[in-house]
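All remarks here apply to the structure that follows.
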2 protein chains.
Amino acid sequence: MKIGIVGLGLMGASFAKALKRYTSHTVLGLDRDPAVRESALHDGAVDEVHEDPAFLSQCAVTFLCLFPVQTVAFVKENLSHFQKGSIVADICGIKGYVVNALSQMELPFIYLPSHPMAGREVCGYHGSLESLFVGASYICTPVDAPQYAVDTLESLVRSIGFTDFVVTTPADHDRIIAFTSQLPHVISNAYVKSPSCSKHNGFSAGSYKDLSRVAKLNEEMWSDLFLLNRESLLSELDTLLQNLAQYRDALAREDRDALRDLLREGRIIKEECDQ
Amino acid sequence: MKIGIVGLGLMGASFAKALKRYTSHTVLGLDRDPAVRESALHDGAVDEVHEDPAFLSQCAVTFLCLFPVQTVAFVKENLSHFQKGSIVADICGIKGYVVNALSQMELPFIYLPSHPMAGREVCGYHGSLESLFVGASYICTPVDAPQYAVDTLESLVRSIGFTDFVVTTPADHDRIIAFTSQLPHVISNAYVKSPSCSKHNGFSAGSYKDLSRVAKLNEEMWSDLFLLNRESLLSELDTLLQNLAQYRDALAREDRDALRDLLREGRIIKEECDQ
């Protein structure tokens, strides 16, 4: 079948390359940047590139690989172009905002809100990889989409490397993602602001590397994602600040028992959560 | 030559196994637990095991693989047993406390305070690995030890897999380690205390795993290490809390520009620190 990819950045071009590599589907790409269109065609990441979204009427499945605000704007402006009854998935890191915005429109397609759990610390077409999704988890929040559409999407994304397909609600997605993904990005970005950071070389067995990895982020995208999930992230940040203050206070008053109990509690939670 | 290993836990037994695997030195181990002594001998991790520290008089190099307070107590009680002029290295994660305590004693040996940057989320003899130090960094704070002793130690630890040998002062070590190692353990342990933690499966591309990895720690050892480096760790914690509060406040007042600027600042620091 024909699969449309809207936006050939890190994620979109990785979808295109993976589909070309692992499936026999025809991949049609759209990007506003002529240089990206040329690279994608030259690299064989797509079968065709387009500037005009009219080609979407040919696509049985379309992946919208844009930032949240752009995703909503693109759908609104191009409603008439999508194939009637086709499957359209977005890839936005927050779901409540996008799902709410699209639910205000009369959609000609079956919308499958999605969040592929994959990324890199580089962005844009030139960061894309055909192997980006190998072993990754694909989250889908179908709301009331028909099961056959969910099944079609699941089978398609499994064919390009995803090994988990998690179905949940937009609200649960946004709450959990605030903890598993957004909070680590804030912590990591704040962590490296210590004056000791520049001296880290040779002084870590991996803790520094793990903790600072996602400090290198796309600040435009993440500030939008954070604001669009403001309440959940604020709640996670407040929980963390309160917890950290407990360790800080036990340390300040040299209370070894309290410190050890706090650490034991965390160790046990970690062991239980990973079972 | 004969090398003594005092304490056959995770670190000591890994030293023993690595020395047996990668060198032709004779390895003599001491442990108070008969079951550990038996396992070590049975596994060929050591050439001899001892309960009585008198054998240390045969050792040209000794690694003290004990927790900080035990290290100081062991040296104090066994001063007469060490070979005169031999090299003795400890492995404690904080250096100021141990160096200060040992400087009060009349040491018959050349003391090379050390901190091998390697570990695992399991402890004890049964967690030990001959490959634990491959690619790792060995920190040494020799104070006024003679250079030939430092060179001997460097060459020995490089032969068992260490690829970096960092020489610094106890004070600098303790300040930097508070940031690169201690702070990540506190953050990680506090992070998993969110009510969302139990639902993390399938909701992360690696951020959760990286951030929560060291939450599984030995709370007895780490509470001692934190308290013995209290001022440096408190200062790192306060810096982090202040920085995190800035993101929190920008998010709370929906100030996108401030949030983006905070994130950009962190991204640039991370890029610069890893150059």
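The sequence lines fix the lettering, A, B, ..., with proteins before strands; numbering per chain opens at 1. The analysis underlying the following values was restricted to heavy atoms, covering all of them including side chains, and did not include hydrogens, waters or symmetry mates.
Both the backbone and the side chain of B:Val186 come within contact range of chain A, with heavy atoms under 4.5 Å apart. Both the backbone and the side chain of B:Ser194 come within contact range of chain A, each with at least one heavy atom under 4.5 Å from a heavy atom of that chain. A:Glu271 touches chain B through its side chain: at least one heavy atom from C-beta onward sits under 4.5 Å away, while N, CA, C and O do not. Residue contact with chain A, scored on non-hydrogen atoms closer than 4.5 Å, involves the backbone and the side chain of B:Leu251 alike. At a 4.5 Å heavy-atom cutoff, the contact between A:Leu237 and chain B is made by side-chain atoms alone. For B:Ile139, the part lying near chain A is the side chain, with the backbone staying farther off; criterion is any non-hydrogen pair under 4.5 Å. Interface residue B:Leu233: backbone and side-chain heavy atoms are both found under 4.5 Å from chain A. Neither the backbone nor the side chain of B:Ser235 comes within contact range of chain A, judged by heavy atoms closer than 4.5 Å. With a 4.5 angstrom heavy-atom cutoff, A:Thr239 touches chain B only via side-chain atoms.
Taking non-hydrogen atoms and a 4.5 Å limit, the residue list of residues 131-138 of chain B in contact with chain A, ordered by number, reads B:Ser137. Within residues 152-160 of chain A, no residue has any heavy atom closer than 4.5 Å to a heavy atom of chain B. Chain A is approached within less than 4.5 Å, heavy atom to heavy atom, by B:Arg256, B:Leu259, B:Arg260, B:Leu262, B:Leu263, B:Arg264, B:Glu265 from residues 255-265 of chain B, ordered by number.
Between chain B and the residues A:Glu272, A:Gln242, A:Met117, A:Gln246, the most heavy-atom pairs under 4.5 angstrom are made by A:Met117. When each of B:Arg230, B:His200, B:Gln275, B:Lys216 is checked for heavy-atom pairs under 4.5 Å with chain A, B:Arg230 comes out on top. Chain A forms the most heavy-atom pairs under 4.5 Å with one residue out of B:Ser188, B:Pro184, B:Ala118, B:Ser181, and that residue is B:Pro184. Listed options A:Ser223, A:Gly206, A:Ala205, A:Ser212 were ranked by heavy-atom pairs under 4.5 angstrom with chain B; first place goes to A:Ser223. Counting heavy-atom pairs under 4.5 Å between each of B:Ser196, B:Ala178, B:Pro116 and chain A puts B:Ser196 at the top. With chain B as the partner, the residue from A:Glu254, A:Lys199, A:His115 showing the most heavy-atom pairs under 4.5 Å is A:Glu254. Counting heavy-atom pairs under 4.5 Å between each of A:Cys197, A:Ala245, A:Ser198 and chain B puts A:Cys197 at the top. When the candidates B:Ile187, B:Leu234, B:Leu240 are compared by the number of heavy-atom contacts under 4.5 Å with chain A, B:Leu234 comes out ahead. Of the residues considered (A:Val214, A:Leu241, A:Asp164), A:Leu241 shows the highest number of contacts with chain B, using heavy-atom pairs under 4.5 Å. In terms of heavy-atom pairs under 4.5 angstrom with chain A, the leader among B:Pro195, B:Ser207, B:Ala250 is B:Ser207. Heavy-atom pairs under 4.5 Å with chain B peak, among A:Phe165, A:Tyr208, A:Tyr191, at A:Tyr191.
For A:Thr141 and A:Lys95, the side-chain atoms include no donor-acceptor pair closer than 3.5 Å.
In this structure, A:Asn100 contributes its side chain and A:Gly96 its backbone to a donor-acceptor pair below 3.5 Å.
Residues B:Ile91 and B:Leu64 form no side-chain contact, since every pair of their non-hydrogen atoms from C-beta on lies 4.5 Å or further apart.
Applying the salt bridge (Lys or Arg N to Asp or Glu O under 4.0 Å) rule to pairs touching residues 234-243 of chain B yields A:Arg248-B:Asp238, sequence neighbours excluded.
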